[in-house]
Amino acid sequence: MKILACYSNKGGVGKTATSVNLAYASAINGKRTLLCDLDPQGASGFYFRIKPSRKLKEQAFFKDVDKFTGAIRASDYDNLDLLPANLSYRDFDIFLSRMKNSRSRLKKALKAVNNDYDLVLLDCPPNISRLSENVFRVADRIVVPVIPTTLSERTLGQLYDFFKDNKFQKKKILPFFSMVQRQKKLHKQTMEELRNQYPGFLKPAIPSSTDIERMGVHRAPVLTYAKKNSAAIAYNDIWKSIDKHL
């Protein structure tokens with residue numbers, strides 16, 4: 001089982017849209033896939049029309065195997081299941097701070113599904129925390145959506161610095177450009193600069209698209225209702241690039 005995290009220390013970069021579409025792309029390419037939503041907002045579950053479990057709350061996520069596996073729900077798509085989030089996840093850092101071996105708790109929790117899935121995709125909240133440190137340790141690769149703006153450039157640099165300072169494997173990070181508006185000079189310039197600075201950038205980029213915004217209306221991945229749209233094609237291309245790294 002491989003573990004892929006979709007993470008950014010900046011909000012509003014298209015992280016959940018990426019998680020949902022990559023999970024779907026993985027599933028339609030034959031991988032048994034579990035999308036695990038770690039963000040208390042629970043947007044992944046909303047997109048897949050799945051309500052959160054009332055039983056998987058507080059420390060049960062990390063300590064109770066039966067409640068963890070019992071909270072997993074099948075989606076409407078073959079090979080794709082979801083572990084939806086609930087509001088109690090906002091206190092994950094508090095729970096982890098009270099637990100022994102807190103840095104490896106997420107890894108232990110995911111062992112419960114080790115034989116059931118080919119890929120677990122983690123939709124992560126946008127902060128650097130004890131939970132995110134767990135993610136950085138357990139994930140085989142970490143995809144990072146980056147809007148080509150100055151502020152996103154700064155937060156990406158902070159992430160690389162954090163990995164260096166804490167001796168995480170920087171090669172795990174797979175950044176890619178999201179919400180790209182190629183008609184903007186700043187976007188084009190920033191993309192060129194960041195590709196030169198960070199050679200690990202994935203080649204495909206996700207364009208700004210109203211079809212992505214309509215995910216909330218359709219409550220489904222873009223790849224299901226706008227297959228020929230440039231954004232859908234880009235998500236599929238990004239999945240192919242990631243799969244090679246996995």
Side-chain angles (χ1 to χ4, degrees), residues 3-28 31-58 60-61 67-93 106 109-110 113 117 119-127 129 131-132 135 139 142-145 147 176 178-179 206-227 229 231-232 234-236 238-239:
I3 299 175
L4 175 67
C6 186
Y7 171 86
S8 173
N9 44 323
K10 185 180 185 303
V13 297
K15 175 183 58 61
T16 296
T18 297
S19 298
V20 167
N21 283 287
L22 290 183
Y24 179 78
S26 170
I28 62 174
K31 292 186 182 295
R32 298 171 300 164
T33 304
L34 173 66
L35 175 55
C36 182
D37 193 353
L38 300 178
D39 192 330
Q41 296 181 70
S44 289
F46 173 80
Y47 283 139
F48 282 113
R49 304 172 185 266
I50 296 176
K51 294 181 179 180
S53 169
R54 295 182 178 180
K55 295 182 179 180
L56 191 65
K57 293 186 177 181
E58 301 178 348
F61 183 100
K67 286 184 179 180
F68 182 94
T69 56
I72 294 173
R73 300 287 183 263
S75 74
D76 293 332
Y77 310 103
D78 293 339
N79 291 326
L80 181 53
D81 293 341
L82 179 71
L83 182 64
N86 60 63
L87 281 176
S88 74
Y89 287 20
R90 70 188 186 279
D91 294 325
F92 268 178
D93 277 3
L106 181 59
L110 294 177
V113 296
Y117 297 99
L119 178 75
V120 173
L121 200 159
L122 307 174
D123 181 9
C124 306
N127 48 42
S129 62
L131 174 63
S132 60
V135 170
I142 303 161
V143 289
V144 182
I147 300 175
F176 70 93
S178 176
M179 300 183 183
I206 305 298
S208 179
S209 171
T210 55
D211 277 317
I212 296 177
E213 297 175 9
R214 291 193 183 103
M215 284 177 61
V217 177
H218 292 279
R219 297 184 70 177
V222 173
L223 287 161
T224 64
Y225 60 85
K227 295 180 181 180
N229 176 272
Y235 277 128
N236 196 47
I238 284 178
W239 165 248

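Nothing here was measured: the structure is a model prediction, and the numbers come from that model.
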Asker: Just checking Asn127: does its CG atom have more than 12 heavy atoms from other residues, nucleotides or ligands closer to it than 6.0 angstrom?
Answerer: yes
Asker: Which heavy-atom pair separates Ala85 from Pro52 by the least distance, and what is that distance?
Answerer: O-CB, 2.9 Å
Asker: Mind listing the closest non-hydrogen atom pair of Leu119 and Ser26 along with its distance?
Answerer: CD2-OG, 3.4 Å
Asker: Could you report the tightest heavy-atom contact between Asn79 and Ala27, atom names first, then the distance?
Answerer: ND2-O, 3.2 Å
Asker: Among all residues two or more places apart in sequence or in another chain, which pass the ring pair (Phe, Tyr, Trp, His ring centres under 6.0 Å) test with Phe68?
Answerer: Phe61
Asker: Considering non-hydrogen atoms only, spot the tightest contact between Asp39 and Pro125 and give its length.
Answerer: OD2-CA, 3.8 Å
Asker: Please round to the nearest 0.5 Å and tell me the distance separating atom OG of Ser209 and atom CG of Asn229.
Answerer: 4.0 Å
Asker: What is the distance from atom CZ of Arg49 to atom NE2 of His218, rounded to the nearest 0.5 Å?
Answerer: 10.0 Å
Asker: Nearest 0.5 Å please: distance from the CG atom of Asp123 over to the CG atom of Leu22.
Answerer: 10.5 Å
Asker: Which heavy atom of Gly14 sits nearest a heavy atom of Met179, and at what distance?
Answerer: N-CE, 3.5 Å
Asker: Donor-acceptor pair, distance only, cut-off 3.5 Å: does the side chain of Asp76 make one with the backbone of Phe48?
Answerer: no
Asker: Within the distance-only criterion (no hydrogens, no angle test), does the side chain of Lys15 pair as donor or acceptor with the backbone N or O of Cys124 below 3.5 angstrom?
Answerer: yes
Asker: Between Tyr77 and Ile28, is the side-chain contact (heavy atoms from CB on, under 4.5 Å) condition met? List the steps.
Answerer: CA-CA 8 Å; Tyr77 310 103; Ile28 62 174; over 6 Å; no
Asker: Taking only residues two or more places apart in sequence, or in another chain, which ones meet Tyr235 in a ring pair (Phe, Tyr, Trp, His ring centres under 6.0 Å)?
Answerer: none
Asker: Would you say Tyr47 and Asp37 make side-chain contact, with heavy atoms under 4.5 Å?
Answerer: no
Asker: side-chain contact (heavy atoms from CB on, under 4.5 Å) for Leu122 and Leu110? Distances and angles first, verdict last.
Answerer: CA-CA 11 Å; Leu122 307 174; Leu110 294 177; 4.2 Å; yes
Asker: Identify the two heavy atoms, one from Ala74 and one from Ile50, that lie closest to each other, and give their separation to 0.1 Å.
Answerer: O-CD1, 3.7 Å
Asker: How far does OH of Tyr7 sit from CG of Leu38, to the nearest 0.5 angstrom?
Answerer: 12.0 Å
Asker: Yes or no on side-chain contact (heavy atoms from CB on, under 4.5 Å) for Leu83 and Leu56, after CA distance, side-chain angles and deciding distance?
Answerer: CA-CA 10 Å; Leu83 182 64; Leu56 191 65; 3.8 Å; yes
Asker: Nearest 0.5 Å, what's the OG1-CG distance between Thr33 and Leu82?
Answerer: 11.5 Å
Asker: Hey, what do you get for CG (Leu35) to CG (Leu4), rounding to the nearest 0.5 Å?
Answerer: 10.0 Å
Asker: For residues 220-227, which side-chain donor-acceptor pairs fall under 3.5 Å, sequence neighbours excluded?
Answerer:
from, atom 1, to, atom 2, distance (Å)
Thr224, OG1, Pro221, O, 2.6
Tyr225, OH, Asp211, O, 2.5
Tyr225, OH, Met215, N, 3.1

Asker: Report yes if the side chains of Ile206 and Ile212 come closer than 4.5 Å at any heavy-atom pair, otherwise no.
Answerer: yes
